Amino acid sequence: MKYILQKLGFYLVAFWAALTVNFFLPRLLPGNPVDIMLAKLAQRGPVTPEAREAVELLLGTNTEAPLIVQYGQYLGKLFTLDLGTSVAFFPASVTDIIAQTLPWTIGLIGVATVISFILGVTLGMLAGWKRGSWLDNLIPVTTMLQSVPYFWLALILLFVLGGMWDLFPLNGGYNVYETSPGWNLEFIGSVIYYGTLPALTIVISSVGGWMLGMRNMMVSTLSDDYILTAEAKGLRPVRIMTTYAARNAVLPSVAGFAISLGFVVAGSIVTEAVFSYPGIGSALLNAVGSNDYSLMQGLFLVITLSVLGANLLVDLLYSFIDPRTRARS
Amino acid sequence: MTTTIQDPGVAAASARSSRPKRSLPPMTPKLAAGLLIAGSITLFGIVAPFFVGDPSAVDNVGLAGPAEGFILGTTQTGQDVFAQLAYATRGSLTVGLIVGVLTLLLSAFFGIIGAYFGGWLDESFSLFSNVMLVIPGLPLVIIISSYVPEKSILLVSVVLAITGWAGSARVLRGFTLSVRNRDYVAAARVSGEKPWRILGVEILPNLIPLLASQMVFAVIFAILGEAGLSFLGLGASDSFTWGTMLYFAQNGLALRLGAWWWFVPPGLMIALFGAALALINFSIDEIINPKLRSQTRAARRSWKLSKAELRAATKEDVL
């Protein structure tokens with residue numbers, strides 16, 4: 001219980017840090033985002049006093065109010081979920097855009113990461129179990145795939161599978177013409193079909209990291225004495241591999257999830273750009289392209305919140321699979 | 001049994017002579033390949049820009065494949081792809097180098113110093129690096145760079161380093177914690193060595209392989225990060241990198257036009273350079289973790305005796 005509270009406390013501190021960074025960035029960096037935003041909003045129609053107030057609180061006002069007061073008002077604005085109005089998707093509010101795009105990204109990254117983790121850990125387990133086998137010699141190849149930039153791999157996959165052989169669609173999240181969003185079979189099938197190439201890109205580039213980490217831990221674990229004991233007892237090799245060695249070897253991979261998730265998120269933002277996938281990444285790029293600072297700040301907060309949430313989930317899972325963390329606290 | 005007794009002088013001499021060798025990784029095929037590829041790409045980045053023409057010069061050839069005069073063909077506006085590649089290599093390697101050094105300094109500061117002195121300093125440094133670790137880097141970089149319209153390659157590198165050092169710091173902290181509790185460090189402390197001397201002379205040499213591998217990682221991720229950023233059109237505005245080449249290729253519809261000579265080489269360079277550094281890291285890993293070094297299955301197979309040898313050996317036993 002204390003472990004869970006500790007973790008919750010840490011993620012609260014991390015989220016507060018992200019909020020604070022988000023508050024200070026537009027105020028400290030050069031440029032005048034408030035004027036740009038207000039000018040852009042004015043082009044689209046009359047700016048209501050509420051919209052003006054939201055923009056000024058989020059991006060820094062020119063008034064002489066002390067910073068600490070601005071900070072308090074900024075936090076208050078965030079807790080009422082008012083993140084201002086988007087310019088790029090005028091007149092939708094930033095909250096609406098986030099609600100529209102977030103499910104796509106969480107679905108894509110979530111499914112791809114789970115597939116990649118399970119695949120990488122399983123292959124790493126087998127490679128470490130039989131060192132020097134063909135699977136083990138494959139590891140440098142998967143590591144090389146990991147150092148291929150996500151977006152370049154996406155371009156190549158698009159070029160070959162989408163362009164040359166015409167197996168997969170070139171962009172988008174679902175078939176806009178023939179299906180309508182909703183819980184029907186055609187739509188879900190279309191989402192899976194359109195999501196295959198982006199997901200494949202993420203899996204191919206990230207599987208090598210899991211595989212290498214698991215393989216190295218497996219090799220270290222296999223030289224422990226208790227494995228020898230298990231072998232001497234005459235246990236079946238499969239049992240030693242899975243419940244004796246792999247169970248302990250997988251712990252650092254789970255604990256290192258936080259580091260990897262950051263790279264996956266970064267990679268998939270760029271991947272979404274290549275596939276014009278209707279997720280957070282594409283929205284972020286649209287926002288950057290049209291200097292939509294409110295939307296950018298909002299998306300940054302949401303991405304951070306999702307990553308923190310995923311890490312918290314993994315940490316709770318970790319305390320479940322490694323009883324030592326519970327005993328120690 | 002008999003071989004364990006040795007003349008102490010000889011043993012000391014052999015230990016002395018073998019010591020400098022041990023601090024360098026053994027020359028395995030993996031390491032050799034890695035060094036060769038990384039070395040040639042670096043050399044290409046340093047030397048080639050002196051010999052190629054202006055990478056931005058426009059020619060009325062238009063988009064054309066590899067041919068006489070243009071080794072790697074031309075872009076939509078007739079710019080020489082090979083010249084661009086040469087300058088891009090230089091740009092990307094510069095980013096990698098700057099970020100690598102900065103990451104090394106930052107992570108060593110927050111990881112090693114915090115872990116060595118312990119107490120509230122360690123608590124706060126560790127909390128700080130863990131917070132930096134979980135806040136996703138690239139979105140932050142994207143936002144920072146969108147506020148700054150004109151960016152130099154140095155600015156991009158600094159931003160990448162600031163958002164990317166935390167992972168290394170955590171690794172270094174864990175290792176420093178285990179080293180500082182060893183007996184010889186305690187002995188140094190008791191004998192009155194100053195903290196900075198203990199850090200610099202007793203602890204740091206043990207961390208060198210780890211620092212090297214972390215720096216190699218930092219360089220890979222810096223080059224990948226810069227490429228991603230430039231591909232989105234948010235990179236340095238005044239110079240060529242592998243990422244900016246891909247950005248112009250994507251915007252010039254190189255993919256739709258099937259101009260492989262335009263978008264394949266920069267990506268391939270990133271992949272090759274990353275793979276070479278990864279191969280070098282494999283060898284460094286084997287120094288850090290000796291368990292990885294022990295015999296592979298292929299080596300073990302060579303121990304197995306052939307049937308004839310086996311028969312001869314058992315025959316000797318019987319006799």
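Side-chain atoms are counted along with the backbone in the values below, which use heavy atoms only and exclude waters and symmetry mates. These figures come from a predicted structure and were not determined experimentally. Throughout, a chain's letter reflects where its sequence line sits, starting with A, and its residues are numbered from 1.
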Phe15(A) versus chain B, the contacting section by heavy-atom distance below 4.5 Å
neither

Which heavy atom of Leu155(A) sits nearest a heavy atom of Gln250(B), and at what distance?
CD2-OE1, 3.2 Å

So for Asn130(B), is it side chain, backbone, both, or neither that comes closer than 4.5 Å to the heavy atoms of chain A?
both

Among the options Gly267(B), Gly274(B), Ala278(B), pick out the one with the most heavy-atom pairs lying under 4.5 Å from chain A.
Gly267(B)

Could you tell me whether Phe217(B) atom CZ has more than 12 heavy atoms of other residues or ligands within 6.0 Å of it?
no

Spatial distance of atom CG (Asn22(A)) from atom CG (Leu140(B)) [nearest 0.5 Å]:
9.0 Å

Non-hydrogen side-chain atoms of Val288(A) and Leu232(B) separated by less than 4.5 Å:
no

Residues of residues 222-231 of chain B with any heavy atom under 4.5 Å of a heavy atom in chain A:
Leu224(B), Ala227(B), Gly228(B), Phe231(B)

Chain B heavy atoms under 4.5 Å from Leu212(A): which part of the residue, side chain, backbone, both or neither?
side chain

Does any backbone or side-chain atom of Tyr150(A) lie under 4.5 Å from a heavy atom of chain B? Answer side chain, backbone, both or neither.
neither

Quick one: pull up CG in Leu246(B) and CH2 in Trp152(A) and give me the separation to the nearest 0.5 Å.
8.5 Å

Contact class of Leu268(B) relative to chain A, heavy atoms under 4.5 angstrom
both

Contacting region of Ala273(A) [heavy-atom separation from chain B under 4.5 Å]:
side chain

Return the minimal non-hydrogen interatomic distance between Met296(A) and Ile143(B), and the atom names on each side.
O-CD1, 3.4 Å

For residues 121-131 of chain B, which residue pairs pass the salt bridge (charged side-chain N to carboxylate O under 4.0 Å, His left out) check, not counting sequence neighbours?
Asp122(B)-Arg173(B)

Where Pro139(B) and Ile303(A) come nearest, the two heavy atoms and their spacing
CG-CG2, 3.9 Å

Counting only non-hydrogen atoms closer than 4.5 Å, does Phe221(B) touch chain A with its backbone (N, CA, C, O), its side chain (CB onward), both, or neither?
side chain

Considering residues, nucleotides and ligands other than Phe248(B), do more than 12 of their heavy atoms fall under 6.0 Å from its CZ?
no

Turns out that what part of Leu284(A) lies under 4.5 Å from chain B's heavy atoms comes down to side chain

Contact part of Val148(A) toward chain B, heavy-atom cut-off under 4.5 Å: side chain, backbone, both or neither?
both

Whatever's closer than 4.5 Å to a heavy atom in chain A on Val264(B) counts as both

Output the distance between atom CD1 (Ile142(B)) and atom CD1 (Ile269(A)), rounded to the nearest 0.5 Å.
5.0 Å

Among the listed options Leu153(A), Val265(A), Leu285(A), the residue most often paired with chain B at heavy-atom distances under 4.5 Å:
Leu285(A)

Distance check, rounded to the nearest 0.5 Å: Phe300(A) atom CZ versus Ile144(B) atom CD1?
8.0 Å

I'd like to know whether CG of Asn251(B) has more than 12 heavy-atom contacts from other residues, nucleotides or ligands below 6.0 angstrom.
yes

